[in-house]
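Quick note: residue numbers are just sequence positions, from 1. Here the structure is a predicted model, which is why all the values come from computation and not from measurement.
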Amino acid sequence: MMDDIVKKLQAVRKAKGLTQGALGAKMGLPQSHISQIEAGKVDMRLSSFLEMARFLDLEPVLVPRALTPAVRSLLSGDEGGPQPAWRPDDMDDEDEKEELS
């Protein structure tokens with residue numbers, strides 16, 4: 001499971017165009033330490049994980065195990081799973097006018 005988390009952090013870092021050195025500089029860590037984390041050579045402390053996630057605009061959330069399939073479905077946009085009742089992009093101009101009046 002930790003490998004999946006580290007891979008996600010690495011993918012988000014790359015998608016944001018950040019180098020290991022740039023992320024390390026923001027966190028006050030050397031590039032080599034970020035490299036070791038991403039390679040799975042060091043076991044990241046929880047505080048480091050939270051800090052890294054937040055620098056990457058991610059918010060770690062604990063979800064009860066029974067709700068994990070529903071949350072994953074919502075995050076993936078899977079049409080077969082449960083969907084939120086409302087999303088901000090579902091509101092059209094008419095709805096907005098009614099809600100504001």
Atom of L58, atom of V12 and distance for their closest heavy-atom approach: CD1-CG2, 4.1 Å
Contact between H33 and Q20 at the side-chain level, heavy atoms closer than 4.5 Å - yes or no? no
As an exercise, state the distance from NZ of K16 to CZ of F55, rounded to the nearest 0.5 Å. 12.5 Å
Quick one: CZ on R65 to CG on L67, what's the gap to the nearest 0.5 Å? 12.0 Å
Approximate separation, where rounding is to 0.5 Å, of I34 CD1 and Q31 CD: 8.5 Å
State the CD-NZ distance between E51 and K26, to the nearest 0.5 angstrom. 11.5 Å
Among the clusters formed by ILVMFWY side chains lying less than 4.5 Å apart, do L62 and V71 turn up in the same one? no
Between V63 and T68, what is the shortest heavy-atom contact and its length? CG1-N, 4.1 Å
Residue pair L23, M27: steps toward the side chain to side chain contact (heavy atoms under 4.5 Å, CB included) verdict: CA-CA 6 Å; L23 179 59; M27 295 180 63; 4.0 Å; yes
What heavy-atom pair brings L50 and P60 nearest, and what distance separates the two atoms? CD2-CG, 3.6 Å
To the nearest 0.5 angstrom, please state how far the CZ atom of R13 sits from the CG atom of L56. 8.5 Å
Mind listing the closest non-hydrogen atom pair of I37 and M52 along with its distance? CD1-CE, 4.0 Å
Over all heavy atoms of both residues, which pair between E38 and K7 is shortest? Give the atoms and the distance, please. O-NZ, 4.2 Å
Between T19 and K14, is there a side-chain heavy-atom distance shorter than 4.5 Å? no
